[in-house]
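These notes are about the structure you will find just below.
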Amino acid sequence: MELSRLPHVANGAILLAGLFVAYQLYIQLTVGRKRRAMQREKGTLPVRWYAGMWDHVMGIDLFIENMKALKEHRLLSTTQSRFDKQGSRTMRLTLLGRPVIITQEPENLKTIQAIEFKKWSLGSRRIIAFRPLLGQGIFTSDGADWHRSREMLRPNFARTQVGDLATFETHVKHLIDAVPTDRSTVDLSDLFFRLTMDSATEFLFGESTESLTQSSGDGFAGAFTRSQDYVANAGRWGMWAALFPANKQWLDDKKFVHDFVDYYVRKGLGKRSQLLQEKSNAEKPGRYIFIDELVRQTTDPIRIRSELLNILLAGRDTTASLLTNVWWQLSRNPTAWAKLQAEVAPFDGEQPTFEQLKDMKYLKAFLNETLRLYPVVPANSREAVEDTTLPLGGGQDGSAPMFIPKGMVVAWSVYAMHRRKDYYGEDAEEFKPERWLDNPDTGKKGLRPGWEYLPFNGGPRICLGQQFALTEASYTTVRLCQAFEKIESRDNRPWEEALTLTAVNLNGAKVVLTPRKY
Ligand code: HEM
């Protein structure tokens, strides 16, 4: 640059910085005025800053600390310990210049997700990060667009709530066949991720990737997993993500994923007229194919592709992560293994029905406890679309309501909330499925939690696939318990988080399984 131009550049930078400071002052003044008005009207009090307002200017240090903790597989416990250090359940901090309130109060979550649902959106961060991969679908939309997606998809899930056990059986059988019987170690986690990809693609596209039996599906699974990690990271960086050039691997993966799904979309649209003459999938006996229902409702190929990818993202890693955590825990818990074996024994090796699965109290308690200590979606956030309040978090002890200005991001930690001693007792950090069961000896009732237990969210945006996931996880667990009589853990490390969009044990579920001899 010519030296003579330097003063102009310096003047420009000073002007920009001045404008930025003036804008910030203006925001502070107007927000301050509203905050005082809310304090008078509703008794709101300011939220405590994490450690101190000036300790983390711009929150660059906190962001670096978070990224380091993420890399070292301890971001969830770091967040939990920040709450403990602060001695409050809600705090305010700044991350890369953006103010964020973080809470673990069930009352706040109920207000955001249910009571005042309309005052909250997903926030631009999620939408900007995820749209390039997922397009516009249920997981990446708000307001009227989200409502349209939810209405279009809901009937499909109502049908699947009974669970297509026959389809699960095909894939679970492949999984069982893939377990070595020569006493060598297997990482069940790898098989669970293949299982959920195979069953999800069969349910969504009508054709399975068959990754448990062939390697042909690996290309799609790999490209989808890498793209998912890419968008999760972009979401963390927020607007700063734009500073990084798009990397080639990501562009190639995105194209691969889109082309792969487009093949099924074209096929589905090709048989639309025939489908319109037939009965709806939901009324026909036999295999249920999601894309056939979408094709009846719209001819827009991008819309169909987007909804399919949104559901694949929501449903595949989540269920595989739950199964991994369940089997990691089961492999080191001989009492639980014996109890589960006793519960499956009456089926005599036969496939359980949907009703029988629902009646398995110990299995249900085991899944609940796994989702409590290791929630698969351990953190989440929303953005206020108007000035509003939340019932808790204000004042020194966080017991007063707090004012939330329009645009403020409120994040929550399900992980920390699920470990609260005031809700779950002094043994909150211990894995105890029994806490969910009624005790006939003492008359003590099992846990019936409200908003303090939230693995699937609540309110109008509650997980659409909850029943689908629990049925798949329960069915797979029962069939594995029937096929193998003994389990040995081959890993003595504690649970460590591998956090992308979901959380799963970093070291998978390494076990040796002994087949049952009939
Ligand atoms: C253990 C397994 C699962 C867990 C823990 C889980 C958890 C969640 C959570 C916490 C959300 C709310 C996300 C948000 O609004 O920010 C969600 C949404 C959703 N889930 Fe699941 N999920 C699981 C499995 C599934 C499966 C198997 C499917 C589909 C086959 C599915 C479909 C969806 C859909 C479509 C949404 C978006 C709902 C909406 O925005 O209206 N989920 N899930």
Side-chain angles (χ1 to χ4, degrees), residues 50 65-66 69-70 72-91 102-109 189 318 321-337 339-340 362-380 392 397-398 411-439 442 444-457 473 489 491-499 502-510:
Y50 170 64
E65 210 174 285
N66 278 1
L70 179 74
E72 291 168 1
H73 311 290
R74 50 175 183 80
L75 182 57
L76 297 175
S77 50
T78 300
T79 308
Q80 189 188 6
S81 59
R82 280 188 191 142
F83 281 114
D84 295 342
K85 197 166 140 194
Q86 179 86 349
S88 68
R89 311 274 185 214
T90 303
M91 57 198 171
I102 170 156
T103 186
Q104 44 157 313
E105 289 289 11
E107 279 303 309
N108 288 346
L109 300 195
S189 186
T318 43
S321 302
L322 169 62
L323 272 164
T324 302
N325 294 334
V326 161
W327 279 80
W328 172 81
Q329 190 55 247
L330 208 45
S331 70
R332 52 189 56 219
N333 195 330
T335 314
W337 177 257
K339 286 187 180 176
L340 263 187
Y362 191 76
L363 174 62
K364 209 165 152 191
F366 201 93
L367 294 184
N368 283 347
E369 185 68 348
T370 307
L371 283 167
R372 183 183 73 82
L373 271 186
Y374 313 110
V376 165
V377 183
N380 211 328
L392 290 171
D397 63 356
W412 59 88
S413 169
V414 176
Y415 180 88
M417 183 172 79
H418 280 185
R419 289 163 182 248
R420 278 180 62 164
K421 294 200 167 83
D422 51 341
Y423 287 122
Y424 295 100
E426 282 305 310
D427 59 358
E429 297 273 347
E430 288 168 41
F431 185 88
K432 285 190 179 167
E434 288 69 22
R435 70 175 88 237
W436 296 87
L437 299 168
D438 295 345
N439 185 333
T442 60
K444 193 172 172 227
K445 290 260 174 238
L447 278 180
R448 307 275 185 281
W451 285 82
E452 65 272 22
Y453 181 68
L454 221 51
F456 294 99
N457 264 15
S489 169
D491 181 14
N492 52 19
R493 286 166 290 189
W495 191 89
E496 261 187 287
E497 73 192 46
L499 183 64
T502 52
V504 64
N505 184 29
L506 175 68
N507 302 307
K510 298 192 178 63

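- By the side-chain hydrogen bond (donor to acceptor under 3.5 Å, both in side chains) test, Glu452 pairs with no residue at all, sequence neighbours left out.
- Atoms CG and CG, from Asn368 and Leu363 in turn, are 9.5 Å apart once rounded to the nearest 0.5 Å.
- Each of Val377, Asn505, Val376 was compared with Ser321 under the side-chain contact (heavy atoms from CB on, under 4.5 Å) criterion, and only Val376 meets it.
- Residues that satisfy the side-chain hydrogen bond (donor to acceptor under 3.5 Å, both in side chains) test with Asp422, not counting sequence neighbours, are Arg420.
- Once rounded to the nearest 0.5 Å, the distance linking OG of Ser81 with CD of Gln86 reads 11.5 Å.
- Not a single ring-ring contact (aromatic ring centres under 6.0 Å, His included) links Tyr362 to another residue, sequence neighbours left out.
- In this structure, Glu426 CD and Lys421 NZ are separated by 5.5 Å, a value rounded to the nearest 0.5 Å.
- Between Trp328 and Asn507, every side-chain heavy-atom pair lies at or beyond the 4.5 Å cut-off.
- Between Phe366 and Phe431, the angle of the ring planes goes over 60°, which puts this pair in the perpendicular group of the 30/60° scheme.
- To the nearest 0.5 Å, atom CG of residue Asn333 and atom OG of residue Ser489 are 11.0 Å apart.
- In this structure, Leu499 CG and Leu506 CG are separated by 11.0 Å, a value rounded to the nearest 0.5 Å.
- Nearest heavy atoms, Ser413 versus Thr79: CB-CG2, 4.4 Å.
- Taking the side chain as every heavy atom from C-beta outward, Arg419 and Leu373 approach each other to under 4.5 Å.
- Take Thr324 and apply the side-chain hydrogen bond (donor to acceptor under 3.5 Å, both in side chains) test, not counting sequence neighbours, and it matches Ser189.
- Lys364 is not listed as a side-chain neighbour of Trp436, based on a closest heavy-atom distance of 4.5 Å or more.
- Contact of the His418 side chain with the Pro378 side chain is not registered, since no non-hydrogen atoms from C-beta on lie closer than 4.5 Å.
- Here Glu429 contributes atom CD and Gln80 contributes atom CD; the two are 5.0 Å apart, rounded to the nearest 0.5 Å.
- Partners of Thr78 under the side-chain hydrogen bond (donor to acceptor under 3.5 Å, both in side chains) rule, at least two apart in sequence or in another chain, are Arg74.
- Here Trp451 pairs with nothing under the ring-ring contact (aromatic ring centres under 6.0 Å, His included) rule; sequence neighbours left out.
- Screening Leu109, Asn108, Ile102 against Trp412 for a side-chain contact (heavy atoms from CB on, under 4.5 Å) leaves a single residue, Leu109.
- Remark: the backbone N or O of Phe83 is not paired with any side-chain donor or acceptor of Arg89 at under 3.5 angstrom.
- Using a 4.5 Å heavy-atom cutoff, the side chains of Gln104 and Tyr415 are not in contact.
- At least one side-chain heavy atom of Arg435 sits less than 4.5 Å from a side-chain heavy atom of Asp427.
- Judged by distance alone, with hydrogens and angles left aside, the side-chain atoms of Asp438 form a donor-acceptor pair with the main-chain N or O of Gly446 at under 3.5 Å.
- In this structure, Arg372 satisfies the cation-pi test against Tyr424, with its NZ or CZ atom closer than 6.0 Å to the six-membered ring centre and inside 45 degrees of the ring normal.
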